[in-house]
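Chain naming here is simple, since letters A, B, ... match the order of the sequence lines and numbering starts at 1 in each.
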There are 2 protein chains.
Amino acid sequence: MGSAANNLVSTEEDPVNYGVLDHMLGYKLRRAQLTFFNSFSAACSDLGVSPGLFGVLVVVKENPGLTQTAVAKALANDRSAMVGVVDKLEKMDLIERRLSKKDRRSYALFMTPYGLKFYEKLIKRVSDQEEELYKLLKPGEKEMLLAILDKFD
Amino acid sequence: MGSAANNLVSTEEDPVNYGVLDHMLGYKLRRAQLTFFNSFSAACSDLGVSPGLFGVLVVVKENPGLTQTAVAKALANDRSAMVGVVDKLEKMDLIERRLSKKDRRSYALFMTPYGLKFYEKLIKRVSDQEEELYKLLKPGEKEMLLAILDKFD
DNA sequence: GTACATATGTTGTGCACTAAAACAATTTAT
DNA sequence: ATAAATTGTTTTAGTGCACAACATATGTAC
């Protein structure tokens with residue numbers, strides 16, 4: 001089966017009717033995001049970096065000294081979720097918690113020297129992975145998407 | 001605080017630099033999808049319907065008699081995840097499993113009469129909710145988004 | 001027809017993400 | 001000084017997702 005050129009007894013199933021889902025942005029966003037998530041995982045799971053961890057890395061790298069709750073707020077995450085994420089990134093020696101001198105309740109987050117080197121390698125991976133997906137688009141469509149999606153947060 | 005018109009002592013934090021995230025479609029998709037997910041939940045959680053359940057309902061309604069794995073494949077879900085979903089929808093008396101006569105391994109899925117009535121109410125809720133979000137867009141942008149996002153699955 | 005491979009629904013497991021509540025330590029407001 | 005709010009943390013619970021394994025049933029090869 002499979003090599004036989006018999007297109008009378010079609011092996012392919014009837015096409016599925018998606019009804020209203022075909023016009024629902026929420027559903028299409030979920031599907032597209034799943035594609036990007038899987039692509040990211042395939043490219044970076046061996047480095048132990050998930051999309052969630054990556055976001056924290058970027059924000060800490062671009063904003064040295066931010067507190068955990070500030071990072072959480074920036075990424076629309078819950079404060080409590082940051083604990084495990086920062087623990088993990090600290091164990092990977094990518095970022096570090098320093099005691100804040102202004103507010104002894106909070107930690108200030110910084111990249112480690114190794115974290116900065118790691119970040120460069122990571123960025124390369126992520127960029128290549130995204131470029132691969134952008135090949136599916138026509139010139140300008142990516143920018144259009146980014147601009148429109150920004151309206152939803 | 002809050003009513004005082006004192007914009008010299010700004011209470012707002014320094015703006016966060018998002019670095020490469022600002023140009024990453026994967027990240028923006030995640031944020032936008034989160035908005036839609038929360039909006040959907042706010043509109044339909046009292047009916048006990050999540051986005052995932054809704055997708056199954058639509059596919060079963062539009063394709064009566066489909067098997068569980070066919071529905072799973074159509075929605076890019078895992079077979080094993082369908083068990084719990086169909087169990088839940090059956091307990092809500094929205095769909096039913098019928099023994100397939102052609103293949104005694106599989107179930108054929110159908111909407112119940114009550115499920116069909118429920119579906120009408122549900123569609124109204126979901127449409128209203130999505131319309132609310134579409135107000136953030138200019139005419140034509142929704143269709144543009146749908147067309148471009150389709151390229152990613 | 002028998003033996004082997006495949007498909008289906010199901011169960012169980014593990015992992016990650018999410019949200020909410022509660023708490024001690026600290027800071028801020030009154 | 002007292003009360004209220006904030007920070008990081010822990011705990012808990014719920015969800016979703018992916019993978020492996022299994023019994024049942026179907027299909028294929030010989």
If I take atom [atom1] in residue [X] and atom [atom2] in nucleotide [N], what distance separates them, rounded to the nearest angstrom?
X: A:Asn77; N: D:dG8; atom1: CG; atom2: C1'; answer: 15 Å
X: B:Gln33; N: C:dC17; atom1: CD; atom2: P; answer: 14 Å
X: B:Lys73; N: C:dA7; atom1: NZ; atom2: P; answer: 9 Å
X: B:Arg79; N: D:dA21; atom1: CZ; atom2: C1'; answer: 11 Å
X: A:Leu75; N: C:dC17; atom1: CG; atom2: C1'; answer: 14 Å
X: B:Lys102; N: C:dT8; atom1: NZ; atom2: P; answer: 14 Å
X: A:Leu34; N: C:dC17; atom1: CG; atom2: P; answer: 14 Å
X: B:Arg98; N: C:dG9; atom1: CZ; atom2: C1'; answer: 19 Å

Side-chain N,O ([X]) to OP1/OP2 ([N]) below 4.0 Å:
X: B:Arg105; N: D:dC22; answer: no
X: A:Ser80; N: D:dG8; answer: no
X: B:Ser50; N: D:dG16; answer: yes

- Item | Hphob cluster co-occupancy, A:Tyr18 + B:Met82, side-chain heavy atoms under 4.5 angstrom | yes

- Item | In one Ile/Leu/Val/Met/Phe/Trp/Tyr side-chain cluster, 4.5 Å: B:Tyr27, A:Leu25 | no

- Message: Check this for me, if you would: do A:Lys91 and A:Asp87 make a salt bridge, where the nitrogen-to-carboxylate-oxygen distance has to be below 4.0 angstrom?
- Response: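 Looking at A:Asp87 together with A:Lys91, the answer is no, because their closest N to O distance does not fall below 4.0 Å.
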
- If you pin A:Val85 and B:Asp87 to their nearest nucleotides in DNA chain C, which one's is more 5'?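 Here B:Asp87 is the residue nearer the 5' end.
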
- Item | B:Asp103 or A:Arg104, whichever maps to the more 5' nucleotide of DNA chain C | B:Asp103

- Is the shortest heavy-atom distance from the side chain of A:Glu96 to the side chain of A:Leu109 under 4.5 Å?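 SC-SC contact between A:Glu96 and A:Leu109 ruled out.
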
- Side chains of B:Val126 and A:Met24 in contact at under 4.5 Å (non-hydrogen atoms):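 Side chain of B:Val126 against side chain of A:Met24, heavy atoms only: contact under 4.5 Å found.
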
- Query: Toward the 5' end of DNA chain D, which comes first, A:Val83 or A:Ser106, by nearest nucleotide?
  - Reply: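 Result of the comparison: A:Ser106.
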
- Message: Return whichever of B:Asp78 or B:Lys101 has its heavy-atom-nearest nucleotide of DNA chain D closer to the 5' end.
- Response: B:Asp78

- Query: Counting side-chain heavy atoms from CB outward, which of C:dT10, C:dT18, D:dT9 is closest to A:Tyr107?
  - Reply: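 Among the listed nucleotides, the one closest to the side chain of A:Tyr107 is D:dT9.
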
- Among D:dG8, C:dG9, C:dA19, the one nearest B:Thr67 by side-chain distance: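 Given the options D:dG8, C:dG9, C:dA19, the side chain of B:Thr67 is closest to C:dG9.
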
